[in-house]
Every structure is written in structure tokens, then in C-alpha cells.
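Per chain, numbering begins at 1; letters A, B, ... match sequence-line order.
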Amino acid sequence: MLWTVARDLLGKLLVVSPQTVNEFREPSSKSKAYRGPHDRAAHSYGGRRTKRTETMYGIGGTAICLFVYGMYNQFNVVTGSRGNSARSIDSRLEPVEGDRLDAQTSSRPTGPKSHQRPGKLCIALGIDRKLDAADLLAERVWLEAQDGIPRFRIATGPRIGIDYAEEWKDKPWRFWNQGQSFYQ
DNA sequence: TGTCCGATTGGT
DNA sequence: CCAATCGGACAG
């Protein structure tokens with residue numbers, strides 16, 4: 001199921017291994033699920049198929065990198081089978097002890113919260129649209145298993161920032177690791 | 001071409 | 001609560 005994938009993303013390490021000096025490794029503490037064409041909150045609602053959403057219709061295991069709000073990039077993961085898909089997961093990551101994200105977010109003062117959310121995360125990891133449609137089984141960006149998270153540690157709640165989504169607004173498709181996240 | 005809006009964020 | 005900020009979607 002879609003939300004099973006979202007839940008399983010928790011605790012995974014997102015690794016972006018570009019040709020740059022740093023290799024950032026971040027464990028996911030939060031995820032959200034968007035259910036393809038039916039979900040009013042999904043960009044692919046109604047089967048909308050444009051340049052921007054095209055990647056969502058690809059095969060599961062592909063990255064989607066979207067530009068949102070004129071300011072931020074967002075990293076998502078496609079789930080489901082080709083054509084059928086139109087589904088994605090959005091993840092939030094927390095810094096690991098000793099990481100070097102602060103160096104990337106530069107000018108502003110940075111605390112642990114400043115780069116854990118999707119927009120700042122992409123800045124920190126250097127994720128942009130160039131990674132759109134990247135194969136997560138290849139060598140640019142991938143997910144690695146870590147220690148599992150006990151099921152009782154995983155909380156769920158409604159997704160945020162989608163007030164327009166009508167009855168889909170209340171679906172409990174946001175997941176987070178209670179032992180790890182700053183936000184609930 | 002013009003207008004409207006957003007899967008965000010940080011500051012009032 | 002609200003502004004920042006601009007590409008994408010869509011109407012015309």
C-alpha cells in the first residue's frame with residue numbers, strides 16, 4: 001500500500017552522492033503519502049499529466065524533484081507501477097550528529113530545525129530539479145536501510161498545508177518517528 | 001499573454 | 001497571521 005511505503009521510509013538514510021566534496025547522509029524522520037489521481041491534495045489529482053507531474057507516472061523507485069512556492073525544491077519518491085502510479089511520497093529528514101549541513105545553508109543562522117524540512121533539506125543536500133526522475137537504484141541518490149523503527153514509535157496524523165483538499169485533507173497519511181522528530 | 005495559486009518557510 | 005517569490009497551469 002501507498003502509506004506502507006511512506007511509513008517504511010522512516011529511518012531510511014537518504015544519500016546524495018554528487019561529484020561535490022561532501023556526501024550528506026540523512027535519516028528520514030517524517031514522510032507523507034499522496035494517493036495519485038484520486039487524492040485532491042496530490043499534484044496529479046484528476047490524472048493531471050504535465051511536464052511537472054510526469055515523473056509521478058513513472059515506475060516506483062524513482063525520485064521526483066519539484067519546484068514549489070517559487071522558492072524551494074522538494075524531494076519525493078514515486079511508488080507503484082508504471083502508468084498506474086501518479087503517487088509520491090514526500091519525506092523530511094533530520095540531521096545526523098556531526099553532519100555538515102550548516103555549511104551549506106550559509107548566511108542565516110542555522111539550528112537543528114532549519115534544514116530538516118523539505119525545502120531547506122533540498123538546499124542542504126544540493127537537491128534540485130536535475131535529480132528529477134533519478135533512479136533510486138542508481139548512483140546519484142538513494143535510500144539506505146538503518147536500524148528499524150519499532151512500530152509503536154511511528155505516529156500518524158493528517159497532512160499539513162492542503163486545506164483545499166476537501167475530504168482528503170483529513171487522511172492520516174503523515175508519518176513521523178516519535179523518538180526523532182521535532183515536529184508533530 | 002495575463003492572471004492566479006501553491007506538497008514551504010520564517011518572522012509578526 | 002502573513003509575506004516572500006516565481007514557475008506552472010490554465011483561461012482567453
Side-chain angles (χ1 to χ4, degrees), chain A residues 1-10 12 14 16 26 28-58 60-80 85-95 101-102 104-134 136 141 143 155-177 181-184:
Chain A
M1 299 296 271
L2 171 65
W3 48 89
T4 305
V5 178
R7 198 180 55 200
D8 289 346
L9 272 181
L10 297 183
K12 295 292 184 292
L14 172 62
V16 181
E26 295 285 295
S28 171
S29 64
K30 214 160 206 184
S31 64
K32 290 189 270 184
Y34 292 88
R35 187 169 178 273
H38 310 290
D39 183 355
R40 189 74 190 249
H43 286 321
S44 53
Y45 174 68
R48 184 167 51 185
R49 194 156 182 161
T50 65
K51 198 169 185 178
R52 190 182 190 218
T53 61
E54 186 57 31
T55 306
M56 299 182 190
Y57 293 82
T62 305
I64 314 174
C65 301
L66 294 170
F67 189 64
V68 296
Y69 288 105
M71 280 174 280
Y72 300 106
N73 286 111
Q74 199 181 60
F75 175 81
N76 296 325
V77 175
V78 182
T79 70
S85 299
R87 315 178 167 181
S88 63
I89 309 291
D90 158 54
S91 63
R92 293 190 181 193
L93 313 174
E94 284 203 14
L101 291 178
D102 288 353
Q104 295 287 306
T105 48
S106 69
S107 59
R108 295 194 169 193
T110 56
K113 294 182 184 182
S114 65
H115 51 246
Q116 85 169 146
R117 294 152 84 172
K120 289 305 176 83
L121 164 87
C122 286
I123 295 172
L125 294 183
I127 294 174
D128 62 23
R129 299 257 279 296
K130 289 196 293 295
L131 282 178
D132 184 50
L136 291 172
V141 51
L143 294 156
T156 73
R159 299 166 297 176
I160 292 172
I162 52 160
D163 289 345
Y164 56 85
E166 299 172 4
E167 73 271 24
W168 294 89
K169 158 164 79 75
D170 300 318
K171 298 282 183 187
W173 290 350
R174 184 167 54 105
F175 304 87
W176 67 93
N177 177 356
S181 180
F182 291 105
Y183 297 94
Q184 297 187 4

Closest-nucleotide 5' rank along DNA chain C - winner of A:T50 and A:Y69: A:Y69
Side chain of A:Y164 - closest among B:dG6, C:dG8, C:dA4: B:dG6
Base-pairing string, 5' to 3', of DNA chain B - Watson-Crick or wobble, under 3.5 Å, | interstrand: ||||||.||||.
Pairwise P distance, B:dG2 and C:dT5 [rounded to whole Å]: 22 Å
Atom pair distance, as rounded to whole Å: CZ in A:R48 and P in B:dC5: 14 Å
Protein-nucleotide distance (A:Y45, atom OH; C:dG8, atom C1'), rounded to Å: 19 Å
For atom CD of A:E54 and atom P of C:dG8, their distance in whole Å: 14 Å
Sidechain-backbone polar pair: A:W168 side chain, A:A42 backbone, donor-acceptor under 3.5 Å: no
Whole-angstrom distance between B:dC5 and C:dC2, as gauged at atom C1': 16 Å
Donor-acceptor under 3.5 Å (A:R7 side chain, A:W173 main chain): no
d(CD1, A:I64; C1', C:dG8) in whole Å: 16 Å
Interatomic spacing from OG1 in A:T79 to CZ in A:R35 - rounded to 0.5 Å: 10.5 Å
A:M71 CE - C:dG8 P separation (whole Å): 15 Å
Distance in angstrom units between A:I160 CD1 and B:dT9 P, rounded: 11 Å
cation_pi(A:R40, A:Y164) dist<6.0 Å, angle<=45: no
Note: A:R159-A:D39 ion pair, threshold 4.0 Å (strictly below): yes
Pair A:S44-A:Y57, side chain to side chain contact (heavy atoms under 4.5 Å, CB included): steps then yes or no: CA-CA 9 Å; A:S44 53; A:Y57 293 82; 3.7 Å; yes
A:F67 side-chain proximity, nearest of B:dT8, C:dA9, C:dC6: C:dC6
Atom-pair distance (CG on A:D39; C1' on B:dG6), nearest Å: 15 Å
Separation of atom CG in A:N73 from atom P in B:dT9, rounded to whole Å: 12 Å
Check against side chain to side chain contact (heavy atoms under 4.5 Å, CB included), A:I127 and A:V16: CA-CA 8 Å; A:I127 294 174; A:V16 181; 3.9 Å; yes
DNA chain C: 5'-proximal contact among A:R129 and A:Y72 (nearest heavy atom): A:Y72
Closest nucleotide among C:dG8, B:dG6, C:dT5 to the A:R52 side chain: C:dG8
